[in-house]
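Hydrogens, waters and symmetry mates play no part in the numbers below; they use all other heavy atoms, side chains included. Being a predicted model, the structure only gives us computed values, none of them experimental. Each chain gets a letter, A, B and so on, in the order its sequence line appears, and its residues count up from 1.
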Amino acid sequence: MSITPIQWNAVVRDARFVELHRRKSRFAWTLMAVSLAYYLTLLIAAAYFQNVFRLKVWGVLNVGLLFALSQFLMTWFITIYYVRTANSDFDKMALAIADDVRAGRIGAA
Amino acid sequence: MTRFIAHNIFGSGFFLLTASSAAEATNATGGIAGSYRWITFLVFASVIALTMYVTYLSAKRVRSTADFYAAGSSITGLQNGWAIAGDYLSAASFLGIAGLISIYGYDGFMYSVGFLVAYITVLLLIAEPCRNLGKYTLADILAYRNEPRKTRITGALSVITVSTFYLTAQMVGGGVLVKTLIGIDYEVSVVVVGILMLSYVLFGGMVATTWVQIIKAALLVIASLVIVCFVWMPYGFSLPAFMQDIVLDGRIQSRVVALLGDSGKTMSAVELGQRFLEPGLLFKAPIDQISLGLALVFGTAGLPHILMRFFTVPDAKAARKSVIWATMIIGGFYLLTLFLGFGAAKLVGPQNILAVDAGGNMAAPLLAQFIGGGPDSLLGNFMLAFVSAVAFATIVAVVAGLVLASASAIAHDLYVGVIHSGDAVPAHKQVLAARVATLVVGGIAIAIGIAAKGQNVAALVGLAFAVAASANFPCLVLTLYWRRCNTTGIIAGMVVGTTVAVGLTLVSPNLTYPLAVRSSAFKVLAEEPAKRARINAGLASDDISVREKATRDAGSLDKDLLKARTDLVKVQGQQTSFVGLEKPLIGLKNPGIFSIPLGFLAVLLGSVLSRDKRAEALWDEVQARRVTGLYTSQPSAH
């Protein structure tokens with residue numbers, strides 16, 4: 001499928017690629033785990049800790065409703081945090097590597 | 001204003017409770033009064049004309065397969081964000097969630113949360129890699145490092161399966177909606193939805209489909225914002241004040257009594273109202289809710305028509321940007337469902353919503369009508385017509401996206417990829433194949449829509465998400481992120497994930513079990529004399545509140561009796577469910593909690609138990625391109 005013969009194994013062994021890959025994977029999977037855990041807590045608590053969800057906090061608004069609403073903030077926070085990091089950090093590193101590959105500085109056959 | 005509703009909807013709706021059946025509840029109450037029908041046609045015609053004009057403009061731009069499937073990768077991040085929101089905010093989530101909140105309270109809102117959180121998975125794991133590695137379809141990603149022929153066939157079949165489930169639900173929902181709203185025959189409505197959708201896709205391909213989604217999403221958000229402003233303004237935009245009124249509402253309190261049965265009878269009025277804001281009115285079995293939540297969160301990332309959206313943007317950065325816009329729009333909209341749903345419960349009343357449609361789907365349109373001044377006012381009917389036209393556009397647009405996804409699986413994966421083994425097929429021939437496939441899929445969609453008339457299709461959307469989460473999602477994630485993943489694993493994952501999800505659904509309580517239906521119907525009939533005697537005693541009472549309660553009870557008894565009789569006719573001569581079971585084998589309504597882990601396990605086992613040199617040799621390339629976006633396929637190749 002590759003357009004020009006590229007030694008892809010050389011690209012993935014390049015120190016900058018290893019660094020980018022490690023950072024990006026760690027970042028994305030950590031955020032994934034955190035958000036999933038936060039969401040699962042809502043599901044499990046709605047099912048098994050209904051007495052906690054019933055507690056009224058703000059007028060008639062109870063823990064359950066506020067927790068459900070907080071999922072929106074969590075989603076938006078994770079989305080913005082990821083996109084900002086990816087735009088400022090990962091894209092620059094990826095672009096530098098891609099330029100070197102296109103120019104034949106890494107991975108040339 | 002209140003008087004009109006009380007007279008028209010409550011009065012006649014109460015009568016109709018006894019006269020209309022559940023599955024297909026369609027009657028004049030939810031529709032538009034004859035004298036105002038011209039408004040409906042005018043509004044519908046304007047919305048359709050707008051989308052048609054866009055299709056006409058788009059049609060000139062569709063020359064290559066890249067244009068047809070991926071809008072020439074020329075859509076910007078912002079535009080694509082709106083289009084994703086359009087794809088996602090299907091009639092099920094717009095009408096369905098508002099309806100579920102209006103009749104079940106808190107539990108209905110859990111759908112909003114699940115559908116939104118799902119976008120995190122799409123953003124973090126799927127969107128960028130898809131843009132970096134794929135061209136037009138899900139199978140493009142799977143076939144990249146696995147044996148192309150086999151994985152294209154399995155991938156395409158899975159796409160067609162998921163799309164068909166989703167499509168059937170949309171077609172039936174669309175048919176019922178149009179029938180309820182403007183009173184044309186169900187079959188005619190389905191054909192109209194089908195023809196409109198086909199004209200968007202056939203002439204305008206992905207360009208038109210995208211723009212129709214953008215227009216529709218914008219109209220949907222505007223309509224909802226207007227309604228929510230009117231609902232919330234009287235409370236000075238204070239959430240606790242608004243919710244306080246929900247808790248104190250008499251009709252909501254009696255709805256909770258109806259849901260809780262005996263246990264609700266000992267609770268005070270305020271406790272009952274408060275109960276509407278607590279979990280457990282819809283999801284009786286805790287595990288059902290968890291299972292559904294998992295299917296939503298992982299299923300979205302495996303829905304073919306959502307994945308396809310990431311091929312329409314030029315690069316990973318635009319893919320990312322489109323997800324951020326999509327989460328903002330979708331999240332904002334789902335926050336509005338809270339007010340649409342609770343507002344409808346408060347202003348229209350759960351009983352009146354249920355009287356028009358047993359699934360609660362008419363909550364948002366009825367709320368719009370109320371806001372505008374009720375069923376006897378010009379503005380009320382205009383609002384109803386506008387919301388209905390948006391809902392209609394929603395169905396047509398989502399169906400268009402689904403048909404495009406299926407057609408690409410047939411034309412791009414099966415015809416070009418498998419039959420021609422990926423050899424160069426001239427561009428004009430590929431576009432022709434795509435159009436022929438669209439026509440075939442569209443025809444089948446219309447036929448299925450008509451054949452499934454009167455069926456309960458609510459479970460089908462759940463099933464589409466379950467298959468996407470259990471088959472497509474594990475295969476995608478593991479082929480993208482796991483070195484050892486290979487062809488055998490992909491095939492095993494697709495087969496096991498789909499089979500388990502579909503199989504568990506077939507033996508679940510979602511199907512109709514004639515024996516159970518019959519025995520509960522007989523029970524209702526047997527209890528009638530005793531209940532009737534109690535009601536008559538109540539009607540003869542001197543106390544007005546006792547007499548009022550007796551009148552209400554009489555109404556609900558009549559409704560139960562009618563349902564029991566209708567049910568008995570429906571299951572006449574049947575002993576077992578569709579798959580030959582007398583009673584469900586499992587109590588679980590959504591298979592996700594079992595089928596998702598099994599799907600992953602199948603990919604893992606299949607991959608570990610076999611070796612595939614190509615899959616391993618190409619791993620470096622997959623990794624490098626996934627991370628750097630090098631040589632992302634661009635439409636310029638044609």
Side-chain angles (χ1 to χ4, degrees), chain A residues 1-4 6-14 17 20-21 24-25 27-29 31-32 35-36 38-40 42-48 50 53-54 56 58-62 64-65 68-69 71-72 74-76 78-80 82-83 86-87 90-91 93-95 97-98 101-102 107, chain B residues 106-107 109-110 112-114 116-117 119-121 123-125 128 144 238-241 243-244 246-247 273-275 277-280 283 285-290 292-294 297 316-317 320-321 323-324 327-328 331-332 334-335 338 481 618-625 627-631:
Chain A
M1 289 273 291
S2 37
I3 295 156
T4 45
I6 290 174
Q7 299 293 323
W8 291 102
N9 59 353
V11 179
V12 298
R13 260 187 274 125
D14 182 87
F17 181 88
L20 169 64
H21 188 233
K24 196 173 177 178
S25 309
F27 188 63
W29 286 100
L31 289 185
M32 189 67 222
S35 58
L36 196 59
Y38 195 73
Y39 177 63
L40 280 177
L42 176 80
L43 293 182
I44 291 168
Y48 297 103
Q50 295 189 355
F53 267 29
R54 267 185 205 133
K56 286 190 264 181
W58 185 25
V60 296
L61 297 185
N62 54 27
L65 212 48
L69 287 171
Q71 301 277 338
F72 285 73
M74 183 272 294
T75 306
W76 285 329
I78 298 237
T79 311
I80 293 169
Y82 174 78
V83 171
N87 281 350
F90 304 150
D91 273 4
M93 295 168 78
L95 206 63
I97 299 167
V101 174
R102 287 203 192 90
Chain B
Y106 185 88
D107 278 0
F109 189 54
M110 290 296 264
S112 291
V113 176
L116 176 66
V117 173
Y119 262 92
I120 297 180
T121 320
L123 172 71
L124 296 178
L125 303 182
E128 293 174 49
Y144 196 98
S238 149
L239 190 57
M243 286 298 177
Q244 173 92 33
I246 301 297
V247 171
Q274 189 70 40
R275 187 69 187 79
L277 309 183
E278 291 163 5
F283 303 109
I287 207 158
D288 263 341
Q289 191 170 358
I290 298 173
L292 175 76
L294 288 175
V297 165
K317 197 174 183 130
R320 222 160 33 220
K321 202 173 161 197
V323 182
I324 203 169
T327 24
M328 293 300 149
Y334 282 147
L335 277 181
L338 194 69
Y481 294 97
L618 282 169
W619 172 242
D620 287 342
E621 182 177 332
V622 166
Q623 233 185 333
R625 287 193 44 186
V627 177
T628 60
L630 268 165
Y631 304 115

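- Here B:R320 is the residue among B:M328, B:M243, B:R320 with the most heavy-atom pairs under 4.5 Å with chain A.
- We find the CG-CD1 distance between A:N87 and B:I324 to be 8.0 Å, quoted to the nearest 0.5 Å.
- Only the side chain of A:I97 comes within contact range of chain B, judged by heavy atoms closer than 4.5 Å.
- Using a 4.5 Å cut-off between heavy atoms, B:L292 does not touch chain A at all.
- Of the atoms belonging to B:V297, it is side-chain heavy atoms, and not backbone ones, that fall under 4.5 Å from chain A.
- Top candidate by heavy-atom pairs under 4.5 Å with chain A, chosen from B:G280, B:G293, B:G332, is B:G293.
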Check against side-chain contact (heavy atoms from CB on, under 4.5 Å), B:L125 and A:W29: CA-CA 8 Å; B:L125 303 182; A:W29 286 100; 3.8 Å; yes

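- Using a 4.5 Å cut-off between heavy atoms, A:R13 makes no contact with chain B at all.
- Comparing A:W58, A:Y38, A:F27 by heavy-atom pairs within less than 4.5 Å of chain B, the highest count is held by A:W58.
- Both the backbone and the side chain of A:I80 come within less than 4.5 Å of a heavy atom in chain B.
- Interatomic distance, B:K317 NZ to A:D91 CG, rounded to the nearest 0.5 Å: 4.5 Å.
- Of the listed residues B:E278, B:M110, B:R275, B:Q289, the one with more heavy-atom pairs under 4.5 angstrom with chain A than any other is B:E278.
- One distance of note links CH2 of A:W8 with CD of B:Q623; it measures 11.5 Å at 0.5 Å rounding.
- Ring centroid separation for the pair A:F72 and B:F109 comes in under the 6.0 Å cut-off.
- Nearest heavy atom pair, residue B:P286 against residue A:A47, reads CB-CB, 3.3 Å.
- With rounding to the nearest 0.5 Å, the separation of OH in A:Y39 from CD1 in B:I120 is 10.5 Å.
- Between the side chain of A:W76 and the main chain of B:T327, a donor-acceptor pair closer than 3.5 Å is present.
- With values rounded to the nearest 0.5 angstrom, A:L69 atom CG is found 6.5 Å from B:L335 atom CG.
- Put simply, NZ on A:K56 and CD on B:Q274 are 4.5 Å apart, with the number rounded to the nearest 0.5 Å.
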Please evaluate residues A:V83 and B:K321 with respect to the criterion side-chain contact (heavy atoms from CB on, under 4.5 Å), reporting the C-alpha separation (whole Å), side-chain torsions for both, the decisive distance (0.1 Å), and the verdict. CA-CA 8 Å; A:V83 171; B:K321 202 173 161 197; over 6 Å; no

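- Contact annotation: the side chain of A:R102 approaches that of B:L630 to within less than 4.5 Å [non-hydrogen atoms, C-beta and beyond].
- With a threshold of 4.5 angstrom between heavy atoms, B:Y334 approaches chain A through its backbone and through its side chain.
- Interface remark: A:Y48 contributes side-chain atoms only to the contact with chain B (heavy atom separation under 4.5 Å).
- Here A:R54 is the residue among A:M74, A:M93, A:Q50, A:R54 with the most heavy-atom pairs under 4.5 Å with chain B.
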Report the C-alpha distance between B:Y119 and A:T79 in whole Å, list the side-chain angles of each, state the deciding distance to 0.1 Å, and finish with yes or no for side-chain contact (heavy atoms from CB on, under 4.5 Å). CA-CA 9 Å; B:Y119 262 92; A:T79 311; over 6 Å; no

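- Proximity to chain B (any heavy atom under 4.5 Å) is shown, for A:V60, by both the backbone and the side chain.
- Closest heavy-atom contact between A:A68 and B:V113: O-CG2, 3.8 Å.
- Proximity to chain A is absent for every atom of B:I246, based on heavy atoms less than 4.5 angstrom apart.
- Ionic pairing of A:K24 and B:E128 is present here: one or more N-O contacts between side-chain nitrogen and carboxylate oxygen are shorter than 4.0 angstrom.
- Contacts of A:N9 with chain B are made by both backbone and side-chain atoms, with heavy-atom separations under 4.5 Å.
- The residue among B:D107, B:V247, B:L277 with the most heavy atom pairs within less than 4.5 Å of chain A is B:L277.
- For the set A:N62, A:L95, A:D14, A:I78, the entry with the most heavy-atom pairs within less than 4.5 Å of chain B is A:N62.
- In this structure a side-chain-to-backbone donor-acceptor pair under 3.5 Å is missing from A:Y82 to B:L124.
- Only the side chain of A:L40 comes within contact range of chain B, judged by heavy atoms closer than 4.5 Å.
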